[in-house]
Visitor: 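Mind having a look at this structure? Questions to follow.
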Amino acid sequence: MALPQDGQDANGLTKVTQIPAGKELMFIDPTTNEGGIITLEDLTKQILNGLTSQTFGLDSGTQTLPAAINYLYGNSLSQKTENIAQLPDGNKVKLISIGGSGIDVGSTGEKIPSWSFGIFLPSSGGSDACLLCANSTQITLAYKSSGVWVSCKRIG
């Protein structure tokens, strides 16, 4: 990269897609015609500091990017998963995890397989529900009607 000649048209300079480390950039304030030089590293730090301190309106409220990332990490699904040893109950949606023993599904003769993860989707009253689970070999769907687990189907 050669320096431009005095009076050279800026549009005639070679276009680059990346500025090599250690290079310096010139800037000019168009209002005052004052300018200066800044290293690429210092400009990068300035941009990064601006991005990380700026607040954004998010679903979780107004937060900086680092705060939003920490919020998401702190509220990860693994911290919201309930480990169960029997079929879930209640009227709240639950993320579930089943350990090394499967869970019998009522009198259906079927089991939710061991080492499954899933979601429990109850009706608003909780008497009817669906339980969808998956492990590395199959997907299992169980159904509760009027408070009784009545059906369990394996997919795959």
Side-chain angles (χ1 to χ4, degrees), residues 1-103 111-124 126 128-144 152-156:
M1 264 187 276
L3 288 173
Q5 301 299 317
D6 280 342
Q8 181 177 354
D9 181 9
N11 292 324
L13 295 174
T14 304
K15 293 190 190 287
V16 297
T17 57
Q18 189 172 6
I19 301 169
K23 297 297 180 186
E24 296 178 335
L25 305 169
M26 256 183 1
F27 62 92
I28 296 174
D29 182 332
T31 307
T32 64
N33 207 26
E34 293 177 356
I37 296 174
I38 187 168
T39 65
L40 177 62
E41 292 76 15
D42 286 343
L43 179 60
T44 302
K45 285 178 195 170
Q46 182 178 350
I47 292 169
L48 186 58
N49 287 337
L51 283 174
T52 57
S53 63
Q54 183 178 353
T55 57
F56 299 88
L58 307 171
D59 291 344
S60 57
T62 301
Q63 297 179 321
T64 62
L65 288 177
I69 291 168
N70 287 335
Y71 174 82
L72 290 173
Y73 180 74
N75 289 300
S76 66
L77 291 180
S78 63
Q79 294 183 0
K80 295 185 182 293
T81 301
E82 181 179 324
N83 295 317
I84 63 170
Q86 61 186 25
L87 291 171
D89 207 358
N91 62 355
K92 301 268 188 224
V93 172
K94 298 177 186 177
L95 297 173
I96 60 155
S97 170
I98 298 166
S101 300
I103 298 176
K111 278 186 127 177
I112 303 293
S114 57
W115 309 115
S116 293
F117 294 92
I119 187 166
F120 172 68
L121 302 166
S123 62
S124 59
D128 298 331
C130 174
L131 177 61
L132 177 64
C133 295
N135 67 6
S136 62
T137 61
Q138 72 184 47
I139 297 171
T140 308
L141 183 63
Y143 180 70
K144 179 171 79 165
C152 183
K153 302 290 180 200
R154 284 189 278 172
I155 304 166

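Note that the structure is predicted; figures quoted are calculated from it, not measured. FYI, side chains are in, hydrogens and waters are out, and symmetry mates aren't considered; it's all heavy atoms of this structure.
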Visitor: Ignoring hydrogens, what is the shortest heavy-atom contact between Lys111 and Cys152? Give both atom names and the distance.
Guide: O-SG, 4.4 Å
Visitor: Taking atom types as modelled, is there a side-chain donor on Gln138 or Thr140 under 3.5 Å from an acceptor on the other?
Guide: yes
Visitor: Answer yes or no: is there a donor N or O on one side and an acceptor on the other, between the side chain of Gln54 and the main chain of Thr64, under 3.5 Å?
Guide: no
Visitor: Is there side-chain contact between Ile98 and Ile103, with at least one heavy-atom pair below 4.5 Å?
Guide: yes
Visitor: Between Asp42 (side chain) and Ile38 (backbone), is there a donor-acceptor pair under 3.5 Å?
Guide: no
Visitor: Output yes when a side-chain donor or acceptor of Lys94 lies under 3.5 Å from a complementary backbone atom of Asp89, and no otherwise.
Guide: yes
Visitor: Measure the spacing between CZ of Phe120 and SG of Cys133 and express it to the nearest 0.5 Å.
Guide: 10.5 Å
Visitor: Using side-chain contact (heavy atoms from CB on, under 4.5 Å), reason through Leu25 and Ile37 one step at a time and then give a plain yes or no.
Guide: CA-CA 6 Å; Leu25 305 169; Ile37 296 174; over 6 Å; no
Visitor: Lys144 side chain to Gly126 main-chain N or O, any donor-acceptor pair under 3.5 Å?
Guide: yes
Visitor: When rounded to the nearest 0.5 angstrom, what distance separates CD in Glu24 from CD in Glu41?
Guide: 9.5 Å
Visitor: If I compare all heavy atoms of Ala129 with all of Pro122, which pair ends up nearest, and what's the gap?
Guide: CB-CA, 3.7 Å
Visitor: With a 4.5 Å heavy-atom cut-off, do Thr137 and Pro113 have their side chains touching?
Guide: no
Visitor: Is Asn33 atom CG crowded by more than 12 heavy atoms from other residues, nucleotides or ligands, each under 6.0 Å away?
Guide: no
Visitor: Does Ile155, at its CD1 atom, have more than 12 non-hydrogen atoms belonging to other residues, nucleotides or ligands within less than 6.0 Å?
Guide: yes
Visitor: Judged by atom type as modelled, is there a donor-acceptor pair below 3.5 Å linking the side chain of Asn83 to the main-chain atoms of Ile96?
Guide: no
Visitor: If I take atom CD1 from residue Ile47 and atom CG from residue Leu43, how far apart are they, to the nearest 0.5 angstrom?
Guide: 4.0 Å
Visitor: May I ask you to test the Tyr143-Asp128 pair for a side-chain heavy-atom distance under 4.5 Å?
Guide: yes
Visitor: Write down the atom of Pro20, the atom of Leu40, and the distance for their closest heavy-atom approach.
Guide: O-CD2, 3.8 Å
Visitor: Between Leu131 and Pro88, is there a side-chain heavy-atom distance shorter than 4.5 Å?
Guide: yes
Visitor: If you count the non-hydrogen atoms of other residues, nucleotides and ligands that lie under 6.0 Å from CD in Gln46, is the total more than 12?
Guide: no
Visitor: Quick one: CD1 on Ile112 to CD1 on Ile84, what's the gap to the nearest 0.5 Å?
Guide: 8.0 Å
